[in-house]
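Here is the structure we will look at, set down as structure tokens.
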Amino acid sequence: MKLSEDTARIQDILGDYCRTGEGEQIPGIIPGRVNHYRRLVYNVIRSNMDRAFPITLAALGEEEWDQLVQEFFSKGLPQTPQIWKLPYEFYNYHLMKETGIRIQKPYLEDLLYFEWIEIEVHTMPDKPFPEYLSSGNIFMDRLALNPEFEMIRLNYPVHMHPAAAAADMKGDYFVLIFRVPDTGNVKFLNLSGIHTYILARLMEEDLPLKDLKGDIAQTAGIESIKYLDDALEKFIGDLIDKRLILGYLKE
Amino acid sequence: MEGKVGIGLRRDIADEIIDSHILTPDFLEFAPENWMGIGGYWNRIRQKAVDRYPVTCHGLSLSLGSAEELDWKFIGELKNFLDENRVEIFSEHLSYTKSRNAHLYDLLPIPFRKDAVDHVVDRIRQVQDFLERPLAIENVSYYTPVAAEMTEIEFVNEIVERADCKLLLDVNNVYVNAFNHKYDAHAFIDSLPLDRVAYIHMAGHQKVEPDLIIDTHGQPIIDPVYELFEWTIRKMDPVPVLLERDYNFDELEQIQSEILQLKSIIKKQWKVPYEA
Ligand SMILES: [Fe+2]
């Protein structure tokens, strides 16, 4: 490297000053000017985090939110060159630092994660779609799943309730976040335990629903076949309407 | 694209640009970092934009001035992006955006020093060799020199000559720097190797203190910058000209009037034919 140690050190002093507002005197500057760099760099981070995490910002309020962004700004050392991925680093930083416990907002990590996953699902690279038909039999034919989704588990139902209320509802929550074909919009579904089980089986195995029905009935403790069929028909029909299930695989 | 006028593809105006109700740019500039490796809605917008317009790319994150190794993984992905989108010009900033091997997402001023010249020349050459295309390096706005041992013009000229790269001349940045650092903008431009200019940026700015202008890209271009632009392009061959606008998109008609004003100056000075 041809950069001298001295020049590299001076560049780092300015970088550190931007991040923290502190540090030794920077040589050869016009007084009162470097603070603009600190302001401008912070504005970039803050405006991007505000856009990425509107629900968290509203839940914490301006002051506490600003402290979280300032802390990440001064200590986070972001690695992605692509600023739209920075919300993930922000989430991960506060996860590692256990910020939610520290500020007594136990739902914080879940809320940041949920808001990040919405961005990720909206932006992630296109996946190959299966060839499918729009008419078929939901029990006999193999179902064609929309491949553009993420399934996550949360401890607090931040996707269904205001954060303060969710804080008192600790449990196991499964959420499916998916991208609607054509529009590219992101939607999410809160899943019960049995729905999570059915979807996981459909995603993992290339089987028609009829071959999974026995396991589903056993897992759910359902004895009436009629009741099970009606429930499955309703659930799968709803997923077809929402375009999480595209149709029936071409055999 | 010589003598054509473009605008940056920002998400706020993407729909408008695809449908062209009000804005009529000749080409689009992408910040590759904002469009690489994405799918879904924005990827479809990118594809429509590329199908419809010629494209240039203006990078944000190479950090040519800083100490850590160049990010070759990123530069590899960048090369694919430039190829896939048939990008005609790729430019970057004469600045640094990383320190302690982490990103700052803004343009910090490189100390105007001999060792920094050597370092940046090396890095521009490495990037040009890898990308197999020339890099156009932009003169950036700066609000204070840092530990300088030479002047800005000496710094810029030595880098561009020795790296054998192109220059992205940001006319607004020359105006801003001349104001902030009390030098003559015309003399500065006269000292540049204008035959190396491959691309021009024009933008608005904001005076935040009586003796300080910040390069915001959020306001209309002011008349003295148009005048400096007209004076400059008389001295050089036609190149593409980009209107940089990063926010304040409420008044699209006003932005369109800037595009038209640039076109009319170009038509006058470069005799480039424009369809009505
Ligand atoms: Fe520029």
Side-chain angles (χ1 to χ4, degrees), chain A residues 1-19 26-45 47-48 73 76-86 89 121-127 148 179-186, chain B residues 32-45 59-63 65-69 71 74 78 96-111 113-123 142-149 180-181 208-209 212 214 216 247:
Chain A
M1 185 184 70
K2 294 187 170 151
L3 201 64
S4 70
E5 261 175 48
D6 187 49
T7 304
R9 192 182 60 85
I10 290 167
Q11 293 191 170
D12 280 340
I13 299 174
L14 177 57
D16 290 347
Y17 169 78
C18 287
R19 289 179 175 122
I26 306 165
I29 55 165
I30 303 172
R33 292 281 175 89
V34 286
N35 60 319
H36 288 285
Y37 283 105
R38 176 161 156 75
R39 176 176 64 79
L40 292 166
V41 179
Y42 181 68
N43 285 347
V44 172
I45 306 281
S47 60
N48 274 280
F73 178 51
L77 298 179
Q79 293 301 300
T80 178
Q82 299 185 265
I83 201 161
W84 66 267
K85 294 180 181 168
L86 192 62
E89 294 197 30
V121 171
H122 191 266
T123 321
M124 66 188 180
D126 297 343
K127 295 188 177 164
E148 296 178 334
R179 194 152 83 193
V180 180
D182 308 325
T183 64
N185 291 339
V186 169
Chain B
E33 287 84 352
N34 295 343
W35 301 91
M36 284 163 60
I38 63 169
Y41 178 79
W42 291 113
N43 192 42
R44 289 204 285 271
I45 293 286
L60 300 169
S61 64
L62 283 190
S63 196
S66 52
E68 74 292 307
E69 178 64 11
D71 184 346
F74 170 77
L78 174 66
Y96 70 106
T97 59
K98 292 175 84 171
S99 100
R100 311 242 178 248
N101 199 25
H103 290 272
L104 285 150
Y105 309 105
D106 210 346
L107 311 172
L108 300 189
I110 306 172
R113 292 176 150 199
K114 186 80 180 61
D115 61 305
V117 170
D118 295 343
H119 181 65
V120 174
V121 165
D122 251 22
R123 283 159 77 93
Y142 63 106
Y143 310 121
T144 173
V146 178
E149 293 168 354
N180 288 343
H181 307 296
V208 296
E209 289 165 18
L212 181 66
I214 300 282
T216 52
Y247 39 89

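Residue numbering restarts at 1 for every chain, and letters A, B, ... go by the order of the sequence lines. Just the heavy atoms: all of them, side chains too, but no hydrogens, waters or symmetry mates, feed the values below.
Contact annotation for B:Y105: both backbone and side-chain heavy atoms come within less than 4.5 Å of a heavy atom of chain A. Looking at B:R113, the atoms closer than 4.5 Å to chain A (heavy atoms on both sides) all sit in the side chain, from C-beta outward. Heavy-atom distances place no part of A:R9 under 4.5 Å from chain B, backbone and side chain included. For A:V41, the parts sitting under 4.5 Å from any heavy atom of chain B are the backbone and the side chain alike. Residue contact with chain A, scored on non-hydrogen atoms closer than 4.5 Å, involves the side chain of B:D71 exclusively. Proximity to chain A (any heavy atom under 4.5 Å) is restricted, for B:R44, to the side chain, taken from C-beta onward. In this structure, the portion of A:I26 lying under 4.5 Å from any heavy atom of chain B is its side chain and not its backbone. Residue contact with chain A, scored on non-hydrogen atoms closer than 4.5 Å, is absent for B:V121. Heavy atoms of A:N43 lying under 4.5 Å from chain B are absent altogether. Contact annotation for B:T97: neither backbone nor side-chain heavy atoms come within less than 4.5 Å of a heavy atom of chain A.
Taking B:A116, B:A102, B:P111 one by one and counting their heavy-atom pairs under 4.5 Å with chain A, the maximum is reached by B:A102. Top candidate by heavy-atom pairs under 4.5 Å with chain A, chosen from B:Y41, B:F74, B:Y96, is B:Y96. Your options are A:L86, A:V34, A:I45, A:N48, and the one with the most heavy-atom pairs under 4.5 Å with chain B is A:L86. Note on A:G15, A:C18, A:P125, A:P81: by heavy-atom pairs under 4.5 Å with chain B, the leading option is A:P81. Across A:G76, A:P78, A:G32, A:A8, the residue that shares the most heavy-atom pairs under 4.5 angstrom with chain B is A:P78. Heavy-atom pairs under 4.5 Å with chain A were tallied for B:I110, B:N43, B:D106, B:D115; the largest tally goes to B:D115. In terms of heavy-atom pairs under 4.5 angstrom with chain A, the leader among B:D122, B:D118, B:L212 is B:L212.
Considering every non-hydrogen atom in both B:G40 and A:D126, the closest pair reads N-OD1, 2.6 Å. Closest non-hydrogen pair, A:T80 versus B:H103, comes out as O-CD2, 3.3 Å. Annotation for B:Y143 and A:Y37: closest pair N-OH, 3.0 Å, computed over non-hydrogen atoms. A:M1 and B:A67 make their closest contact through SD-O, 3.1 Å (heavy atoms, listed as atom of the first residue, atom of the second, distance). When all heavy atoms of B:T144 and A:G28 are compared, the closest pair comes out as OG1-O, 4.4 Å.
For the residue pair A:H36/B:E209, the side-chain donor-acceptor check at 3.5 Å is satisfied.
Note that CG of A:L77 is 9.0 Å distant from CZ of B:R100, once rounded to the nearest 0.5 Å. Note that NE2 of B:H119 is 10.0 Å distant from OG of A:S4, once rounded to the nearest 0.5 Å. Distance check, rounded to the nearest 0.5 Å: OG1 of A:T7 to CD of B:E149 gives 6.5 Å. Here CG of B:N180 is found 5.0 Å from CZ of A:R33. Values are rounded to the nearest 0.5 Å.
Residues B:S61 and A:I83 have side chains not in contact (no heavy-atom distance under 4.5 Å, counting atoms from C-beta outward). Residues A:R19 and B:L104 meet the side-chain proximity criterion, which asks for heavy atoms closer than 4.5 Å.
A donor-acceptor pair is defined here as one N or O able to donate and one able to accept, closer than 3.5 Å; no such pair exists between the side chain of B:E33 and the backbone of A:W84. Side-chain N or O atoms of A:Q11 include one that pairs as donor or acceptor with a backbone N or O of B:G65 at under 3.5 Å.
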